[in-house]
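Below: one structure, written as structure tokens.
No hydrogens, no waters, no symmetry mates; every other heavy atom, side chains included, goes into these values. Note that the coordinates shown come from a computational prediction; the quantities given were computed from them, not determined experimentally.
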Amino acid sequence: AAGAGLATLSYPIPTADGATIDRANKVILVRYQGMVHALARECPHKGTMVDWQPEQNRLYCPKHKSTFTANGTRIQGKAPRSMDRHPIRLEGGKLVVDTATVIEGDGANWATTGVKVG
């Protein structure tokens with residue numbers, strides 16, 4: 001379709017734990033406990049863009065103060081569930097993320113959506 005962005009994005013594998021925010025595509029790439037996850041940046045509560053707080057090693061929604069662990073697991077706040085994830089796979093030494101598909105936080109396959117690294 002005209003004007004549609006690419007649904008599949010490619011990223012280098014993060015070398016250290018932490019989060020990288022792709023603001024243009026609303027994706028948060030997180031390396032945490034030997035796994036890499038691709039999170040949808042919108043908070044599952046009202047769609048506010050979530051930020052990474054490296055000092056606390058957590059994701060934080062500035063609008064209603066929901067907090068999540070680095071891998072998107074809900075800690076507290078108004079968010080009804082953990083952060084949504086996108087399918088991610090390793091391909092040719094890169095991480096490939098399918099942004100057209102959303103795996104709802106805490107839903108079926110959510111826990112297993114990620115790539116083992118290192």
NE2 on His64 to NZ on Lys78, rounded to 0.5 Å: 4.5 Å
Would a hydrophobic clustering, with Ile, Leu, Val, Met, Phe, Trp and Tyr connected at side-chain separations under 4.5 Å, put Val97 with Val36? yes
Taken to the nearest 0.5 Å, the spacing of Thr113 OG1 from Leu39 CG works out to 10.5 Å
Between atom CE of Met35 and atom NZ of Lys116, what is the distance when rounded to the nearest 0.5 Å? 6.5 Å
Side-chain heavy atoms of Pro12 within contact of Leu95, under 4.5 Å: no
Is it true that Arg89 and Asp98 have a side-chain N and a carboxylate O under 4.0 angstrom from each other? no
How about Tyr60 and Cys43: do any of their side-chain heavy atoms sit closer than 4.5 Å? no
Check whether any side-chain heavy atom of Thr8 sits under 4.5 Å from a side-chain heavy atom of Thr99, and report yes or no. no
Should the pair Arg81-Asp106 be classified as a salt bridge under the 4.0 Å nitrogen-to-oxygen rule? no
Would Val102 and His86 count as a side-chain contact (heavy atoms from CB on, under 4.5 Å) here? Give the steps. CA-CA 5 Å; Val102 174; His86 296 299; 3.8 Å; yes
Exam field: side chain His45 to backbone Ser66, donor-acceptor pair closer than 3.5 Å: no
If I compare all heavy atoms of Ile28 with all of Ala19, which pair ends up nearest, and what's the gap? CG2-CB, 3.9 Å
Supply the atom-to-atom distance Arg85 CZ to Thr101 OG1, rounded to the nearest 0.5 angstrom. 15.0 Å
Assess the side chains of Asp22 and Tyr11: does a donor N or O sit below 3.5 Å from an acceptor N or O? yes
Would you mind reporting whether Ile21 and Leu29 have side-chain heavy atoms less than 4.5 Å apart? no
Do Val115 and Leu9 sit in one hydrophobic cluster, given that two such residues count as connected whenever their side-chain heavy atoms are within less than 4.5 Å of each other, even indirectly? yes
So how far is it from Asp84 CG to Glu104 CD, rounded to the nearest 0.5 Å? 6.0 Å
Measure across Phe68 and Pro44 and return the closest heavy-atom pair with its distance rounded to 0.1 Å. CZ-CD, 3.9 Å
Show the nearest heavy-atom pair for residues Ile103 and Ala108, with the distance to one decimal. CG2-O, 3.7 Å
Least distance between heavy atoms, Tyr32 atom then Asn57 atom: CE1-ND2, 3.9 Å
Any heavy-atom pair between the side chains of Thr48 and Glu42 that's under 4.5 Å? no
Count I, L, V, M, F, W, Y as connected when their side-chain heavy atoms are under 4.5 Å apart, and connections chain through other members. Are Ile13 and Ile88 then in the same cluster? yes
What are the two closest heavy atoms between Thr69 and Asn71, and how far apart are they? OG1-OD1, 2.7 Å
Determine whether Leu59 and Gln53 satisfy the following criterion, side-chain contact (heavy atoms from CB on, under 4.5 Å), listing intermediate values before the conclusion. CA-CA 6 Å; Leu59 294 150; Gln53 296 185 319; over 6 Å; no
Would you kindly confirm whether Met83 and Trp52 end up in one hydrophobic cluster when ILVMFWY residues are joined by side chain heavy atoms under 4.5 Å apart? yes
Interatomic distance, Cys61 atom SG to Met49 atom CE [nearest 0.5 angstrom]: 9.5 Å
Is any side-chain heavy atom of Asp51 less than 4.5 Å from a side-chain heavy atom of Pro62? yes
